[in-house]
Amino acid sequence: MNIYGASGHSKVIIDIAKSNNILIENIIDDDLSVNEILGYSVKHKVDEELLASKTILGIGNNSIRKRVSELFKGAIHQAIFHHSAVVSPFAIIDCGTVIMPNASINANAEIGKHCIINTGAIVEHDCVLEDFVHISPNSSLAGGVKIGEGTHVGIGASVIQGISIGKWVTIGAGAVIIKDIPDNAVVVGNPGRIIKYIE
Ligand SMILES: CC(=O)SCCNC(=O)CCNC(=O)[C@H](O)C(C)(C)COP(=O)(O)OP(=O)(O)OC[C@H]1O[C@@H](n2cnc3c(N)ncnc32)[C@H](O)[C@@H]1OP(=O)(O)O
């Protein structure tokens with residue numbers, strides 16, 4: 001497996017690979033100042049061979065992860081799960097998605113491509129997450145929540161059952177979402193209130 005990006009997020013991906021005995025073949029980053037991560041050397045050459053190879057994107061920022069994914073010409077590594085994550089056999093998890101330690105994904109949840117379900121996050125039954133979503137550590141989605149492309153749910157946030165959250169929304173740390181949220185909104189607090197929109 002290749003990992004593109006040598007960030008903090010990549011460190012946890014390396015942990016997951018090691019926990020599953022997945023061989024890490026290359027770690028690549030276009031930042032020439034980054035030469036090593038957790039004892040692995042970092043390469044900088046992004047060539048056609050790499051872009052045709054199955055790769056996990058170690059990029060935490062959702063919009064940058066989307067932009068970089070478009071370079072990979074359909075070569076996406078399967079989803080990877082830390083061995084401590086609990087993933088229902090009735091859940092559907094698409095390629096490139098990373099499920100961090102102690103996360104739980106319950107029955108009939110559907111998670112798109114290149115999502116991050118971070119440490120200890122809970123995605124309850126019947127949730128539907130589009131591509132490039134990030135559910136931060138210790139945040140919880142109750143049953144049947146829908147989340148649009150590129151949305152970031154901040155650390156420790158909660159979303160009650162049946163809520164629809166739009167695309168490219170930012171939910172602040174610790175927010176409690178009890179109403180539907182439109183695209184591009186930034187929401188904070190309990191109950192969650194929209195403070196601005198970011199295109
Ligand atoms: C493994 C990992 O590290 S995963 C990464 C996890 N990271 C996160 O969860 C980060 C989530 N980000 C946040 O919570 C941010 O504060 C954001 C995105 C909501 C807002 O950030 P900014 O756009 O920079 O807003 P800014 O800091 O200027 O705050 C604007 C207002 O909202 C308030 N505010 C910001 N964040 C929050 C929050 N989480 N809860 C309550 N109020 C908040 C500020 O106090 C400020 O209020 P004021 O105008 O009355 O002074």
Side-chain angles (χ1 to χ4, degrees), residues 3-20 27 29 31 34 37-38 40 56-69 79-87 93 96-105 111-124 127 129-142 145 147-160 163-199:
I3 301 173
Y4 188 99
S7 61
H9 177 48
S10 312
K11 292 178 183 171
V12 190
I13 293 174
I14 292 169
D15 267 347
I16 294 173
K18 286 183 82 72
S19 86
N20 289 318
I27 300 178
D29 197 300
D31 182 346
V34 181
I37 179 169
L38 298 183
Y40 291 85
I56 287 280
L57 301 180
I59 299 168
N61 179 287
N62 293 346
S63 53
I64 298 174
R65 197 164 64 260
K66 177 175 184 184
R67 186 152 37 83
V68 171
S69 77
I80 57 169
F81 312 157
H82 192 270
H83 66 79
S84 65
V86 177
V87 180
I93 320 276
T97 283
V98 178
I99 315 283
M100 300 294 193
N102 294 318
S104 299
I105 317 286
I111 299 180
K113 293 183 176 64
H114 298 292
C115 292
I116 303 169
I117 310 300
N118 224 315
T119 311
I122 296 172
V123 177
E124 266 298 345
C127 286
L129 280 53
E130 294 182 358
D131 300 343
F132 307 104
V133 164
H134 176 185
I135 309 298
S136 291
N138 208 29
S139 45
S140 302
L141 309 180
V145 167
I147 305 220
E149 182 185 279
T151 284
H152 177 205
V153 176
I155 192 163
S158 303
V159 184
I160 68 167
I163 292 292
S164 290
I165 295 178
K167 298 176 192 291
W168 303 100
V169 167
T170 305
I171 305 291
V176 177
I177 306 304
I178 60 170
K179 290 184 181 162
D180 291 354
I181 305 292
D183 294 351
N184 304 109
V186 179
V187 186
V188 300
N190 177 8
R193 66 181 199 287
I194 296 173
I195 55 168
K196 59 185 168 184
Y197 290 86
I198 299 178
E199 287 303 319

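Just so you know, ligand 1 is whichever comes first in the structure, and atom 1 is the first atom listed for that ligand.
- Ile105 CD1 to Thr97 OG1: the interatomic distance, rounded to the nearest 0.5 Å, is 9.0 Å.
- With sequence neighbours excluded, the residues that form a side chain to side chain contact (heavy atoms under 4.5 Å, CB included) with Thr119 are Met100, Pro101, Pro137.
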Are any protein N/O atoms closer than 3.5 Å to the N/O atoms of ligand 1? If there are, list each pair with names and the distance to one decimal place.
from, atom 1, to, atom 2, distance (Å)
ligand 1, 9 (O), Ile155, N, 2.7
ligand 1, 14 (O), Ala173, N, 2.9
ligand 1, 23 (O), Lys196, NZ, 2.6
ligand 1, 39 (N), Ala173, N, 3.2
ligand 1, 39 (N), Ala173, O, 2.9

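- Checking Ser84 against His82 by side-chain atom types alone, a donor-acceptor pair falls below 3.5 Å.
- The side-chain hydrogen bond (donor to acceptor under 3.5 Å, both in side chains) test applied to Asp31 returns Ser33, not counting sequence neighbours.
- Applying the side-chain hydrogen bond (donor to acceptor under 3.5 Å, both in side chains) test to His114 and every residue at least two apart in sequence or in another chain returns nothing.
- Just one of Asn118, Asn61, Thr170 meets the side chain to side chain donor-acceptor pair (under 3.5 Å) condition when paired with His134; it is Asn118.
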